[in-house]
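See structure below.
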Amino acid sequence: MILRLLAFVLASTLSMNAPAQVQDKQVTTSAKLAAEPFQGKKIFQMTPQEVDQYLAYLYANVPDLRQRIALVARKNIGQPYKLNLLGEFPFELHDNLPMYSLTHSDCLVFAEHTYAMALSSSWEEFFWALQRIRYKDGLIGVATRNHYTEVDWNINNAWLLKDVSAGFGADKVASYDIVVDRAKFLREQHRKETSLPVQTSREAYVRADKVNAMLDQLREGDFVNVVSDKDGFQSITHVGLVVIDANGKRNFLNSAEPQVREESFDTFIARTNERTRTSKQAKPRRLLGFKFLRLRDDIVIPGAVSLPRPGK
C-alpha cells in the first residue's frame, strides 16, 4: 500500500508540467517500478546475480524498449569513468581484460552495456547481446571488434540503429571524409597482423550550432556520436544516448570523466568548448557537431558466430 502511494505521488509530481504523452508513460512506468527490486542500488553496485533479477523484472514490466533503455541508463548515473576496460580474455590472450564491466565504464562501454541490458531479460541474454553488439557478426576477437565508430560500430549494428544524420536539412548538416587503416591500427595497437584493406567514408553530421533546432525530432534511446576535429582530422571521439526528461526535453546521457551523467546538449557543448579554450595543447580537439542514429522499431538480433543464443 505504501509503495503504491509513493508511486502515485511521484507520478503526480512529474505530470505537473509534462506533455500528455510523456505524462501517460511516466505514470504507468512509475506505478510499475514502485515494486522494482534493488531500488536503493545502481547497476554498477550490483552483482551479476542481482543484474539478472533486475533485467527479468524490467523486461516483464516495461514493454517499451526505449523506456527500458532510459531506465537502465539512468540507473547507472554516477558510475565511475575509466578507460581501457574491456578485452577478449579468455577468448584471446593478447591482453587480460575481461569481456564486460559493471563497476566502471567509458563512453562506448556505457552505451553498449545499456543497449545490451535493455534488450535482455536475463544475465545470459545480456552477456550474449553485448558480444553481438561489440563484434562484427558476433565473432569475438580483437580484429573483429568494432574499433571505428563510423565504419565499424554503426555499420555492423545496422540491425539495431539507422544513421539519420543527413536528414535534418542542408542548413544544419555538414560532412567529413575519414580514412581508416585497420591493418595499421591492429598492428601498432594490438600486435595483430592482418591484410584488411584501407577504407574511406564520407560521414554526415549536424553542426553543433544547429543542434537545438532539431532536438525535438530525436527519440528516446537514439545513439549520439560526437564529431570532433584534431589538427584537421575529423572523427567520432565520444558517444552517448538521447533521453527525454519529465518536461519533454531531450538530454544527453553519457559516460565521461569523472562519471556517468545526464545533461542538456547546451551544457555538454559549453563544457566541451570550455575544455578546448583552456587546453594547454598547441592544437586542441575542437567540437564540430553530432551524428544521430535512430533506434529501429523492428529489431531482430542476428545470430552470433562465437556464442550460441541463450534459450528463453
Side-chain angles (χ1 to χ4, degrees), residues 1-7 10-11 25-26 28-91 96-134 138 140 160 220-221 240-241 243 253-256 258-262 299 301 304 307-312:
M1 182 66 182
I2 293 175
L3 289 175
R4 287 197 295 269
L5 179 59
L6 288 173
L10 175 61
K25 283 187 176 182
Q26 286 174 335
T28 302
T29 302
S30 296
K32 286 181 177 178
L33 294 183
E36 174 206 316
F38 314 114
Q39 290 190 66
K41 277 190 174 182
K42 298 288 189 177
I43 291 174
F44 64 87
Q45 299 167 328
M46 293 183 187
T47 65
Q49 291 78 10
E50 290 171 332
V51 171
D52 180 69
Q53 295 176 55
Y54 174 71
L55 295 182
Y57 173 83
L58 203 63
Y59 199 88
N61 288 277
V62 184
D64 185 83
L65 175 60
R66 289 182 172 84
Q67 283 186 273
R68 291 203 303 274
I69 290 170
L71 287 166
V72 169
R74 286 185 168 121
K75 202 166 178 63
N76 255 331
I77 289 175
Q79 182 186 48
Y81 178 86
K82 183 179 180 181
L83 278 174
N84 302 319
L85 282 166
L86 303 187
E88 284 72 46
F89 186 81
F91 271 69
N96 61 355
L97 295 174
M99 297 173 65
Y100 76 92
S101 172
L102 292 182
T103 58
H104 296 76
S105 67
D106 60 28
C107 65
L108 185 57
V109 168
F110 169 73
E112 289 177 337
H113 279 57
T114 299
Y115 282 134
M117 286 186 179
L119 288 165
S120 304
S121 62
S122 68
W123 174 267
E124 290 79 11
E125 286 184 2
F126 153 68
F127 184 82
W128 179 84
L130 179 62
Q131 311 318 319
R132 187 59 185 80
I133 290 169
R134 288 189 69 214
I140 298 170
L160 178 63
E220 198 152 59
L241 307 170
V243 292
L253 217 166
N254 64 106
S255 179
Q259 62 188 24
V260 173
R261 73 193 77 184
E262 179 178 345
I299 295 170
I301 309 178
L307 297 174
R309 189 191 303 261
K312 288 288 186 183

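None of these values were measured; they are calculated from a predicted model. All values below were derived from every heavy atom in this structure, side-chain atoms included, with hydrogens, water molecules and symmetry-related copies excluded.
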Next item on the list: Kindly determine whether V260 and K42 satisfy side-chain contact (heavy atoms from CB on, under 4.5 Å), including the steps that lead there.
Entry: CA-CA 12 Å; V260 173; K42 298 288 189 177; over 6 Å; no

Would you check if [X] and [Y] make a side-chain contact, meaning some heavy-atom pair closer than 4.5 Å?
{"X": "E125", "Y": "L119", "result": "no"}
{"X": "I140", "Y": "M99", "result": "yes"}
{"X": "Q79", "Y": "V109", "result": "no"}
{"X": "N254", "Y": "R261", "result": "yes"}

Margin query: Set out, in order, the CA-CA distance, both residues' side-chain angles and the distance that settles side-chain contact (heavy atoms from CB on, under 4.5 Å) for E262 and I77, then state yes or no.
Written below: CA-CA 7 Å; E262 179 178 345; I77 289 175; 4.1 Å; yes

Side chain of [X], backbone of [Y]: donor and acceptor closer than 3.5 Å?
{"X": "Q53", "Y": "F38", "value": "no"}
{"X": "R68", "Y": "L58", "value": "no"}
{"X": "D52", "Y": "W123", "value": "yes"}
{"X": "N76", "Y": "F44", "value": "yes"}

Looking only at heavy atoms, what is the nearest atom pair of [X] and [Y], with distance?
{"X": "D106", "Y": "N84", "answer": "OD2-N, 4.2 Å"}
{"X": "A73", "Y": "L253", "answer": "CB-CD1, 3.7 Å"}
{"X": "Y81", "Y": "C107", "answer": "CE1-N, 3.9 Å"}
{"X": "L241", "Y": "A111", "answer": "CD2-CB, 4.3 Å"}
{"X": "L85", "Y": "S105", "answer": "CD1-CA, 3.3 Å"}
{"X": "L71", "Y": "Y54", "answer": "O-OH, 4.1 Å"}

Item checked: Partner residues of E50 under the salt bridge (Lys or Arg N to Asp or Glu O under 4.0 Å) criterion, sequence neighbours left out -> K41

Next item on the list: Using side-chain hydrogen bond (donor to acceptor under 3.5 Å, both in side chains) as the criterion, point out the one residue from Q45, E36, Q39 that pairs with K75.
Entry: E36

Note to self: The criterion is side-chain hydrogen bond (donor to acceptor under 3.5 Å, both in side chains); which residues satisfy it with R309, sequence neighbours excluded?
What the structure shows: none

Item checked: Over 12 non-hydrogen atoms of neighbours within 6.0 angstrom of NZ in K82 -> no

